Amino acid sequence: MKYLYFIFIILSVASIFFSQEDKHELNQSSFSFALGIDYEKEGYTVSLQLINPGEISGEKLLNNSPYIVYKAKGKTIDTALEKISMNTSRHLDLKQEQIIVLGEELARKGRLKEIVEYILHSPDIPANALIITTKGNKASELLKIFSPVEGYSALEITNTLNKLGRHVLNNASEIKVELLEDGKDISLPYIELKGDLQKGMNRDNLDTTTPAHIVFGGFGLFKDGTLKKFLDYRDSLFLQLLNGKSSGFIIESTCPAGSEKFAFKLFNGAVKKKEFKLAHDNYSFQYILNLSGDIRQYNCHGNLKDPETISQLETQINKTIQSKENKILSIAQDHELDPFGLGHSIKSKDPKAWRNVEKDWSTRIKNARLNVHSDITIQNVGNYKSRGD
Amino acid sequence: MKSIEDLSDSLKTNIASIQKAFHSNKELIVRTISPPFLEVKKEICLVYLDTIVDKSVIQEHILRPLLQMKDFSAAHPIHDISNTIEISNIQVILTMNELISHLTNGNTIILIEEIDQCISAATEEWKDRAFTFPQSQRVLKGPQIGFTELAKNNLSLIKRGLKNEKLVIEEQTIGAETNTSISLLYLANKVDHEILETVRNKVQSIELSSILDSSYIEESISGEQITSFPLVFTTERPDVTSGHLLEGKIAIICDGSPNVLIVPALFIQFLQSPEDYYEKPLFELTRLIRIFSFIVSIYLIPFYIALTLFHQELIPSELLINLAAQRQIVPLPVVLEVILFMLLFQVVLESSIRLPTGITLAFSIIGTLILGQSAADAGLVQLASLVVVSATYVLNFAVPIHPFANSVKMIRFFFVFLASVFGIYGIMLGTFVLVNHLCSLNSFGVPYLSPIAPLKTADLKDTLIRFPLKKIINTTKKYSKDDHIKNHKK
């Protein structure tokens with residue numbers, strides 16, 4: 001028994017060598033939930049959104065802003081952060097960072113890789129913070145927007161994105177993995193501002209019914225860590241459908257007869273099978289999807305009681321999906337991108353063939369063809385049984 | 001002891017020495033009578049201590065028959081007297097020492113002139129309170145009777161529940177000043193004789209001159225192991241005592257105390273309540289809840305401190321904002337705040353036990369509402385700390401045996417200290433020491449953590465969850481004695 005106490009004493013003594021810098025009372029630290037990084041010719045502009053807990057939780061001391069955005073330039077992110085730290089009275093706590101917003105310019109200049117490396121390297125910033133980019137505005141500007149619903153914009157952005165489903169989003173370690181993988185180009189979600197920037201940066205934004213606010217714009221397509229093209233959010237959903245990361249969304253199709261529309265609410269979408277064929281040096285890819293969902297708004301005339309109508313509807317949905325995916329593919333082909341990971345599926349199935357095509361894959365993809373077939377299960381047709389006019 | 005000598009055959013000498021032994025106490029009643037014997041003329045003397053004897057018994061069943069007694073032969077005087085008095089339990093006494101002990105136990109001594117022997121008749125009547133429900137171990141379902149201070153009553157309660165000829169009661173008197181009677185109870189066919197021998201030896205070697213409560217014995221027999229955990233089980237309930245006896249344990253009843261001691265005691269038994277056996281099995285998860293709350297009551301405050309001081313990244317963002325907002329306006333560091341409130345809670349608990357019942361209500365209003373709520377409102381403490389500290393004490397109350405709940409009091413402070421210096425590393429360090437300490441303990445040779453460590457799968461049926469009665473009652477539990485510990489102790 002005595003030796004155990006001996007070990008205890010040794011372990012306690014050993015902990016003297018631990019860093020006591022870790023110990024901070026909650027009122028000695030300033031917490032930040034969002035970090036913005038913008039392009040600067042030499043280095044970065046880092047903007048840090050520090051929250052004011054009293055204001056957010058309603059225990060007001062002073063009538064001050066719920067959060068403060070500090071901005072500093074630096075040749076490295078660390079020097080910029082140090083500058084911010086010098087300007088504040090409290091210890092900066094970055095361990096709660098939930099999102100890291102990269103400015104559009106930074107992404108366009110191909111600096112994603114170094115940011116990802118930095119985040120993975122830094123002991124302060126959690127590697128599971130979401131990485132997103134912006135469209136139209138600088139990251140520092142978007143972080144300054146007063147968010148009308150959640151109280152502070154970091155939480156609002158995170159919650160907006162989390163609605164898409166956690167696996168759609170990417171954090172530093174996932175991006176790192178995708179960067180290392182061949183045959184797939186990264187796509188990251190982007191946010192944009194709806195409304196006037198100046199109005200949004202003013203506290204009055206909280207008092208109006210039509211505030212300027214941040215929205216999820218869609219996915220930005222990257223090539224080797226450089227932002228190439230923004231997809232709008234509807235296209236992005238179809239992109240994620242083929243990547244097997246889709247959560248529910250509405251697929252709008254044309255009726256079997258006539259030009260009226262009907263809506264199919266997708267609940268579950270999964271890729272059942274992924275194949276490729278080589279014909280005349282051109283690759284064609286065959287996807288089989290398993291979809292299930294409900295018929296929602298129904299402006300067509302076919303009787304939903306009739307199985308024939310249902311199968312017609314399924315054909316229509318199939319067609320819509322096929323055309324949407326083709327549209328995304330053609331966008332990607334224009335920019336020599338492969339957001340679906342088509343090359344990756346060749347690599348995993350036929351590594352030898354991949355070695356041959358790897359180098360000129362970005363040109364070869366221009367001739368690739370996509371063939372999507374969906375097995376659709378319609379669970380609920382709604383109260384339209386009598387409709388058959 | 002001066003009066004070890006035998007009784008003299010002179011009545012006067014005997015009475016003089018008794019009076020001398022009692023320092024001419026007025027309580028000592030000496031009544032000399034001259035019965036109308038036909039053959040001889042002899043004086044008979046009744047000696048008893050007032051207030052602990054039943055006087056009506058003495059009058060009706062000793063005095064009256066003696067005064068009407070006529071046949072008395074000098075050949076067998078003791079026999080004649082014994083046949084005359086109407087008391088069931090009588091004894092012939094030869095020495096002064098025995099005589100005094102019988103007197104102090106409430107017996108009436110009958111001395112006869114010119115005879116160096118006397119008769120002791122059981123006439124004791126001890127003052128006792130009525131049976132009530134057990135104060136410290138109340139249950140909703142099951143027997144509601146509790147032990148009282150009178151050992152005889154307690155024995156009777158146990159015997160009622162355990163009508164078994166194998167129930168052995170070994171009575172002995174210890175404590176030179178108080179002459180307290182101690183009874184060892186066990187079932188001869190179930191008890192482990194090695195453990196019984198150890199207990200017997202330990203009880204006999206108690207060197208206390210006075211024993212006022214069973215806790216004196218508990219402390220004396222617990223041995224040299226330094227621990228805050230109780231190594232002896234105490235109960236106020238006859239049903240619990242019978243249950244333990246049936247498991248092959250030994251009960252120690254101390255006259256004057258409503259708490260019966262049971263050895264050997266295991267860690268897990270302190271978290272079991274008699275109700276476990278009276279409610280439906282398996283689905284009744286109260287025992288698990290009790291164990292859970294006991295563990296959480298140790299760790300809640302240390303984790304709160306470690307998380308808020310060292311590992312803020314582990315707190316969910318929304319909660320962190322709230323905690324940080326509360327922290328902005330309070331003066332004391334979180335550790336001091338928590339320790340102060342822990343001390344305060346201890347004081348509140350301590351004083352609420354002692355206070356007269358009339359004041360308790362007012363006290364609880366002041367203690368809880370004013371101190372707690374207003375301290376937070378006044379910005380002296382963080383509300384979250386208050387919640388954490390009070391939750392700890394509420395969880396602690398779920399432990400059914402009070403001394404056991406108390407035993408973690410100091411351990412909690414130890415953990416708080418470790419957490420505040422080393423964070424979660426400190427908590428792990430403390431756990432390491434605590435678990436090792438518990439593993440090293442043994443109660444009369446039985447490892448404290450058994451049947452979990454060392455693992456006895458057969459006994460696990462009644463450990464965390466109680467299995468149906470037919471699976472656990474008819475199989476005797478085997479208490480593994482740890483040879484390593486025993487050898488180590490030697």
Side-chain angles (χ1 to χ4, degrees), chain A residues 1-16 18-34 50-62 66-67 90-91 93-99 123-126 128-129 150-152 154-155 158-159, chain B residues 225-227 304-337 379 382-385 414 417-426 428-437 439-441 484-485 488-489:
Chain A
M1 198 50 207
K2 263 179 193 151
Y3 77 99
L4 288 172
Y5 292 116
F6 187 63
I7 293 175
F8 174 69
I9 292 164
I10 289 182
L11 288 174
S12 317
V13 172
S15 52
I16 290 171
F18 291 179
S19 159
Q20 282 294 303
E21 279 172 29
D22 293 342
K23 188 176 176 177
H24 292 287
E25 289 281 346
L26 286 176
N27 52 3
Q28 292 168 345
S29 338
S30 240
F31 296 98
S32 161
F33 294 111
L50 293 176
I51 59 144
N52 182 356
E55 181 70 24
I56 291 173
S57 69
E59 291 180 26
K60 293 181 185 181
L61 280 183
L62 301 163
Y67 42 86
R90 291 184 176 187
H91 168 80
D93 189 315
L94 304 177
K95 284 175 181 163
Q96 286 275 349
E97 294 299 352
Q98 297 191 338
I99 49 168
D124 289 335
I125 301 173
N128 63 355
E150 298 282 358
Y152 69 103
L155 190 63
T158 324
N159 287 352
Chain B
Q225 300 179 72
I226 302 164
T227 178
Y304 169 68
I305 289 174
L307 289 186
T308 51
L309 280 185
F310 290 92
H311 314 282
Q312 286 130 356
E313 63 273 18
L314 290 179
I315 308 175
S317 320
E318 284 85 349
L319 180 62
L320 182 73
I321 294 172
N322 259 320
L323 291 179
Q326 291 173 19
R327 194 106 275 278
Q328 283 191 320
I329 40 171
V330 294
L332 289 175
V334 67
V335 184
L336 270 183
E337 192 176 283
Q382 201 176 340
L383 262 179
S385 307
F414 172 65
F417 167 75
L418 284 176
S420 65
V421 182
F422 306 131
I424 286 182
Y425 176 80
M428 292 301 134
L429 212 60
T431 309
F432 168 76
V433 171
L434 178 63
V435 171
N436 272 308
H437 174 66
C439 287
S440 78
L441 287 179
H484 168 73
I485 291 174
H488 186 71
K489 276 177 76 184

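Values in this document were obtained by computation on a predicted structure and should not be read as measured data. A note on names: the letters A, B, ... follow the listed sequences, proteins ahead of strands, and every chain is numbered from 1.
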Using a cut-off of under 4.5 Å for heavy-atom pairs, which of P316(B), S317(B), A324(B) has the most such pairs with chain A?
S317(B)
Specify which of L320(B), L323(B), L418(B) makes the most heavy-atom pairs with chain A at under 4.5 Å.
L320(B)
Side chains of [X] and [Y]: closer than 4.5 Å at any heavy-atom pair?
| X | Y | answer |
| --- | --- | --- |
| Q328(B) | N52(A) | yes |
| L309(B) | H24(A) | no |
| I51(A) | I321(B) | yes |
| F31(A) | Q312(B) | yes |

At a 4.5 Å cut-off on heavy atoms, which part of E97(A) comes close to chain B: side chain, backbone, both, or neither?
neither
Checking heavy atoms, do the side chain of T158(A), its backbone, both or neither come under 4.5 Å from chain B?
neither
Steps toward side-chain contact (heavy atoms from CB on, under 4.5 Å) verdict (L155(A), E318(B))
CA-CA 9 Å; L155(A) 190 63; E318(B) 284 85 349; 3.3 Å; yes
Interatomic distance, Q382(B) atom CD to L26(A) atom CG [nearest 0.5 angstrom]
6.5 Å
So how far is it from I315(B) CD1 to Q96(A) CD, rounded to the nearest 0.5 Å?
7.0 Å
Got a donor-acceptor contact below 3.5 angstrom from the E313(B) side chain to the L94(A) backbone?
no
So, E25(A) side chain and R327(B) main chain: donor-acceptor pair closer than 3.5 Å or not?
no
With a cut-off of 6.0 Å (strictly less than), are more than 12 heavy atoms of other residues, nucleotides or ligands near CZ of F414(B)?
yes
